[in-house]
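Here is the structure we will look at.
Here the structure is a predicted model, which is why all the values come from computation and not from measurement. Along the sequence shown, the residues carry numbers beginning at 1.
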Amino acid sequence: MVAGDVSGAGRGHRGGVLTFGEALVGYAAASPSLAAATTFDRFLGGADLNVAVGLHRLGVPATYATVLGDDAHGDFAAERLRALDVPAVLRRASGPTAVMFKAGDGSGDPEVLQLRRGTAFALSAPEVLPGVAALLPGLGHVHLTGITLGISPASRQATLDLLEAAVGAGCTVSFDPNLRLPLWSDRDEMRDVLHAVAARADLVLPGVEEARLLTGSADPEAVVAFYLGLGAREVAVKLGARGAVGATADGNLVRSRRFAVEAVDTVGAGDGFAAGYVAGLLGGEPLQGRLDRAAAVGALVTTRTGDLDAMPDRTEVDALLAAS
């Protein structure tokens, strides 16, 4: 459901999830660097869309909200969204659609370049909020990231407004800081803004390296204590191949299982982790179960390329959980 037609998106699913953010049209090259790349495959990506697709493939109803530019990349993204089973609250606006270039030969983390200054989303993100507000009473959860807080003043305000609307509608909120350092000219401002949102969230999902920049510590238990101290009810710290550490405000702290996989592309693994964790949370799994599920989804994402195309389905995740 795209292009402003949101008559059924997310309705009737009080356990459904809304994600909000900027879609990117990506160009990927199987080359060790962007400088050496000459041939690219086009795909659709974006952290918040990845999470929505990941949730859908895990059996959780999810709706994605975004603004695309009135350009050829926006046309491609809109058509690609129509081909997905994830309902979308979509607006088109003047300005370009965000673009991403990625190069990697599977030997390590890919090189990534994102072009998202002055985009349609950066300029007009608030335009999607009226359509989103109508859905919130029928949803149970909203997932936000730090990316939308850094893109522009307009997208930051839209994110903050959505946070307030979600809390007011009785939705639980998860927050992934998902640092994109080039979006922030002032690191102190970055920390203040992200901490303020984390303090309002029910669930915070930092990666250990971004947590070091945000909290001053890379010790998972110290990071957990920091965010619980801000007011979060639950925290899961992503440790990459080492799994994750999760904790709740009532003092329960666990470590996830580790999943041995052959990683070829780590982009999107954190989004998969978020989808797995939220799916487990909404499905009523205990802390250990949802943390293991999140780690399993993140691990599977690294075994393939393509951002949202890399998101596994529930059968794949259950098989990995059963085999490890």
| Main-chain N/O of Gly140 paired with Thr172 side-chain donor or acceptor, under 3.5 Å | yes
| field | Residues Leu194, Leu179; criterion side chain to side chain contact (heavy atoms under 4.5 Å, CB included); working and verdict | value | CA-CA 9 Å; Leu194 297 184; Leu179 288 187; 3.3 Å; yes
| Taking the side chain as C-beta and beyond, is there a heavy-atom pair between Leu203 and Val173 under 4.5 Å? | no
| query | Backbone N or O of Leu90 within a donor-acceptor pair of the Tyr64 side chain at under 3.5 Å? | reply | no
| remark: Between Asp202 and Arg233, the two heavy atoms sitting closest are OD1-NH1, 2.7 Å
| From Phe101 CZ over to Leu115 CG, what is the distance, rounded to the nearest 0.5 angstrom? | 6.0 Å
| task | Hey, could you give me the CG/CG distance between Asp309 and Asn50, rounded to the nearest 0.5 Å? | result | 9.0 Å
| said: I want to check something: taking the side chain as every heavy atom from C-beta on, are Val223 and Pro206 in contact at a cut-off of under 4.5 Å? | reply: yes
| task | Test the Arg116-Phe121 pair against the cation-pi criterion, namely NZ or CZ under 6.0 angstrom from the six-membered ring centroid and within 45° of the ring axis. | result | no
| Distance-only, no hydrogens or angles: does the Ser152 side chain make a donor-acceptor pair with backbone N or O of Ala122 under 3.5 Å? | yes
| With a 4.0 Å cut-off, would you call Glu210 and Arg180 a salt bridge? | no
| request: For Phe226, enumerate each residue passing the ring-ring contact (aromatic ring centres under 6.0 Å, His included) test, keeping only those at least two apart in sequence or located in another chain. | output: His195
| NZ/NE/NH1/NH2 to OD/OE distance under 4.0 Å, Arg57 and Glu316 | no
| field | Note, Leu136 side chain near Val142 side chain (heavy atom, < 4.5 Å) | value | yes
| request: Report yes or no: does Thr63 contribute a side-chain atom to a donor-acceptor pair with the main-chain N or O of Leu18 at less than 3.5 Å? | output: no
| ILVMFWY cluster, Ile147 and Val267 together (side-chain gap under 4.5 Å) | no
| Is Leu228 reachable from Val237 through a run of I, L, V, M, F, W or Y residues, each pair having side-chain heavy atoms under 4.5 Å apart? | yes
| message | Counting C-beta onward and ignoring hydrogens, is there a side-chain heavy-atom pair between Leu300 and Phe259 closer than 4.5 Å? | response | no
| Passes salt bridge (Lys or Arg N to Asp or Glu O under 4.0 Å), Arg156 versus Asp161? Steps please. | CA-CA 9 Å; Arg156 179 182 302 175; Asp161 290 345; over 6 Å; no
| Measuring from Leu68:CG to Arg80:CZ, what's the distance to the nearest 0.5 Å? | 13.5 Å
| request: With the side chain counted from C-beta on, respond yes when Tyr27 and Met100 share a heavy-atom pair under 4.5 Å apart, and no when they do not. | output: no
| task | Following the transitive rule for hydrophobic clusters with a side-chain heavy-atom cut-off under 4.5 Å over Ile, Leu, Val, Met, Phe, Trp and Tyr, establish whether Val112 and Phe273 coincide in one cluster. | result | no
| task | Measure the shortest side-chain to side-chain distance between Trp184 and Leu149 over non-hydrogen atoms and say whether it is less than 4.5 angstrom. | result | yes
| said: Could you see if Val193 belongs to whatever hydrophobic cluster contains Leu230? Use Ile, Leu, Val, Met, Phe, Trp, Tyr and a side-chain cutoff under 4.5 Å. | reply: yes
| field | Taking every non-hydrogen atom, the tightest pair across Ala232 and Val235 | value | CB-CG2, 4.3 Å
| Does Glu262 pair with Arg304 as a salt bridge, N-O distance under 4.0 Å? | no
| Spacing of CG belonging to Leu281 relative to CD belonging to Glu285, to within rounding of 0.5 Å | 9.5 Å
| Gly46 and Leu24: which non-hydrogen atoms are nearest, and at how many Å? | CA-CD1, 3.6 Å
| query | More than 12 non-hydrogen atoms from neighbouring residues, nucleotides or ligands closer than 6.0 Å to CG on Asp41, yes or no? | reply | no
| said: Checking Asp71 against Thr97: is there a side-chain donor and acceptor pair closer than 3.5 Å? | reply: yes
| field | Closest contact, heavy atoms only, Pro312 versus Val301 | value | CD-CG2, 3.8 Å
| query | Strictly by modelled atom types, are Thr119 and Glu22 linked by a side-chain donor-acceptor pair under 3.5 Å? | reply | yes
| remark: Value for NE2 (His56) from CG (Asp313), rounded to nearest 0.5 Å, stands at 10.0 Å
| Contact check, side chains of Arg293 and Leu321, non-hydrogen atoms, under 4.5 Å | yes
| request: Measure across His141 and Ser174 and return the closest heavy-atom pair with its distance rounded to 0.1 Å. | output: NE2-OG, 2.8 Å
| message | Using a strict threshold of under 4.0 Å (side-chain N to carboxylate O), is an ion pair present between Asp70 and Arg91? | response | no
| remark: When Asp48, Thr19, Asp271 are each screened for side chain to side chain donor-acceptor pair (under 3.5 Å) with Thr145, the one that passes is Asp48
| field | Lys NZ or Arg CZ of Lys102 over Phe40 ring: under 6.0 Å, within 45° | value | no
| message | Count I, L, V, M, F, W, Y as connected when their side-chain heavy atoms are under 4.5 Å apart, and connections chain through other members. Are Tyr227 and Leu213 then in the same cluster? | response | yes
| field | Heavy-atom closest contact (Ser33 atom, Ala103 atom, distance) | value | C-CB, 3.5 Å
| query | Could you walk me through whether Lys238 and Asp176 pass the side chain to side chain contact (heavy atoms under 4.5 Å, CB included) check? | reply | CA-CA 10 Å; Lys238 295 166 283 187; Asp176 185 343; 3.0 Å; yes
| query | In Å and rounded to the nearest 0.5 Å, what is the CG to CG distance from Leu58 to Leu282? | reply | 11.0 Å
| message | Could you tell me if the side chain of Phe20 sits less than 4.5 Å from the side chain of Val128, heavy atoms only? | response | yes
| Audit row: Met190, Leu181, side chain to side chain contact (heavy atoms under 4.5 Å, CB included) steps and yes/no | CA-CA 9 Å; Met190 174 185 75; Leu181 293 177; 3.8 Å; yes
| request: Check the pair Arg92, Asp75 against side chain to side chain contact (heavy atoms under 4.5 Å, CB included), reporting the backbone distance first and the verdict last. | output: CA-CA 9 Å; Arg92 303 291 295 271; Asp75 293 340; 2.8 Å; yes
| Pairs involving residues 240-252, ordered by first then second residue, that meet side-chain hydrogen bond (donor to acceptor under 3.5 Å, both in side chains) (sequence neighbours left out) | Thr248-Asp250
| message | Side chains of Tyr277 and Glu234 only: does a donor on one sit below 3.5 Å from an acceptor on the other? | response | yes
